[in-house]
Asker: 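Just passing along the structure, written as structure tokens.
Indexing begins at 1, ligand by ligand and atom by atom, following the structure's order.
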Amino acid sequence: MLNVDILGIKFSSLDDDEFKKLVLSFIESNKCNTIFTPNAEMLVMANENPEFKKVLYESDLNIPDGIGIALLAKRKGRVIKRFPGIEAMEKILSLAEIYGFPIFFLGAKEEVVEKLVENVKLKYPKLLVAGFRNGYFSDEEEKKIIKMINESGAKILFVALGAPKQELFINKYKGVLKVKIAMGVGGSFDILSGVKRRAPWMFRKLGLEWFYRILQEPKRIFVRFPRLVKFLSIYTRNV
Ligand code: UDP
């Protein structure tokens, strides 16, 4: 496992075996371990939001989701492999199926999370789904949701509320959650439910998944472009 510090946030680059061992050790531990998958955009947000930065700083595992993080690491003379969040989520789902770890899915629209559960049950027939809940709720409902997750017997919680909402949510409740792993997975429920498509192979190979997402949702350009410019300014400075 190779660790790289980028803007004060520790990123870990792991091979399959190391990832599996770490996930199993998290399950054996006696606390809720957090896994986040920051990309360049999230790094820009963290740079402007000290609370979010602290949450990433204190996370048990940050994996480098996109090409931006790999480029920043390269500037520091470290070669780290990109590990897209959706692939990490799928690896955890496979392990959960093999070892019988119940999963709770929290996030996305009701029809999306329902379809996601349907699809994962088909893909991982022995997977234990402890429960699911859509990601649209008020602050007052949060405690009820945490109770629901704790009573479900889940060992792993996937949260798809978008960044930084999902990371802040996990951080706020990690002290009371009984799950052993809570992971922020952004738009992965949309993809695994089939509502959105993952970037084709060529875009992934070239590190252009983010560009494919803009093509799918051109409105995003207004939010993403300023962040891209800020990212380039971070990139050109010493990190
Ligand atoms: N989402 C949610 N609750 C919210 C906001 C977003 O469940 O209050 C879900 C949204 O439906 C989507 C996922 O979070 O499934 C990721 O959202 P988005 O694509 O906006 O986030 P990003 O991938 O840009 O972090």
Asker: Going by heavy atoms in the side chains, are Y173 and V179 under 4.5 Å from each other?
Answerer: no
Asker: Note the single closest protein heavy atom to atom 3 (N) of ligand 1, along with its residue, its atom name and the distance in Å.
Answerer: G135 O, 2.7 Å
Asker: Could you tell me whether E18 and K21 make a salt bridge, using a distance below 4.0 angstrom between a side-chain N and a carboxylate O?
Answerer: no
Asker: For atom 17 (O) of ligand 1, what is the nearest protein heavy atom, given as residue, atom name and distance?
Answerer: G162 CA, 4.0 Å
Asker: Among all protein heavy atoms, pick the one closest to atom 6 (C) of ligand 1 and tell me residue, atom and distance.
Answerer: L161 O, 3.3 Å
Asker: Could you tell me whether some N/O pair between A108 and ligand 1 is separated by less than 3.5 angstrom?
Answerer: yes
Asker: Under 3.5 Å, N or O to N or O, is G186 touching ligand 1 that way?
Answerer: no
Asker: Taking NZ, NE, NH1 and NH2 as the nitrogens, is one of them in E87 or R198 under 4.0 Å from a carboxylate oxygen of the other?
Answerer: yes
Asker: For atom 19 (O) of ligand 1, which protein heavy atom lies nearest, and how many Å away is it?
Answerer: R220 NH2, 2.7 Å
Asker: Is the ring centre of F26 less than 6.0 Å from the ring centre of F101?
Answerer: no
Asker: Tell me the protein heavy atom at minimum distance from atom 24 (O) of ligand 1, and give that distance in Å.
Answerer: R224 NH2, 2.8 Å
Asker: Would you please classify the geometry between the F211 ring and the F203 ring as parallel, tilted or perpendicular, with 30° and 60° separating the classes?
Answerer: parallel
Asker: Check ligand 1 against A160 and write out every atom of the ligand that is under 4.0 Å from a heavy-atom position of the residue.
Answerer: 1 (N), 2 (C), 7 (O), 9 (C), 13 (C), 14 (O)
Asker: Which ligand 1 atoms does A163 reach within 4.0 Å, using its non-hydrogen atoms?
Answerer: 25 (O)
Asker: So among N171, T34, N33, which one has a side-chain hydrogen bond (donor to acceptor under 3.5 Å, both in side chains) with S59?
Answerer: T34
Asker: Got the closest protein heavy atom to atom 8 (O) of ligand 1, with its distance?
Answerer: K165 NZ, 2.6 Å
Asker: Work out whether the distance between some heavy atom of V112 and some atom of ligand 1 is less than 4.0 Å.
Answerer: no
Asker: Below a 4.0 angstrom heavy-atom separation, can you tell me which part of R213, side chain or backbone, both or neither, approaches ligand 1?
Answerer: side chain
Asker: So does K91 have more than 12 non-hydrogen atoms from other groups sitting under 6.0 Å from NZ?
Answerer: yes
Asker: Can you confirm whether K20 is buried at NZ, in the sense that more than 12 heavy atoms of other residues, nucleotides or ligands lie under 6.0 Å from that atom?
Answerer: no
Asker: So is Y136 close enough to ligand 1, meaning a heavy atom under 4.0 angstrom away?
Answerer: yes
Asker: I'd like the name of whichever of L106, V223, D190 reaches closest to atom 15 (O) of ligand 1 through any heavy atom.
Answerer: D190
Asker: Would you check if there is a donor-acceptor pair between the side chains of E141 and S138 at a distance under 3.5 Å?
Answerer: yes
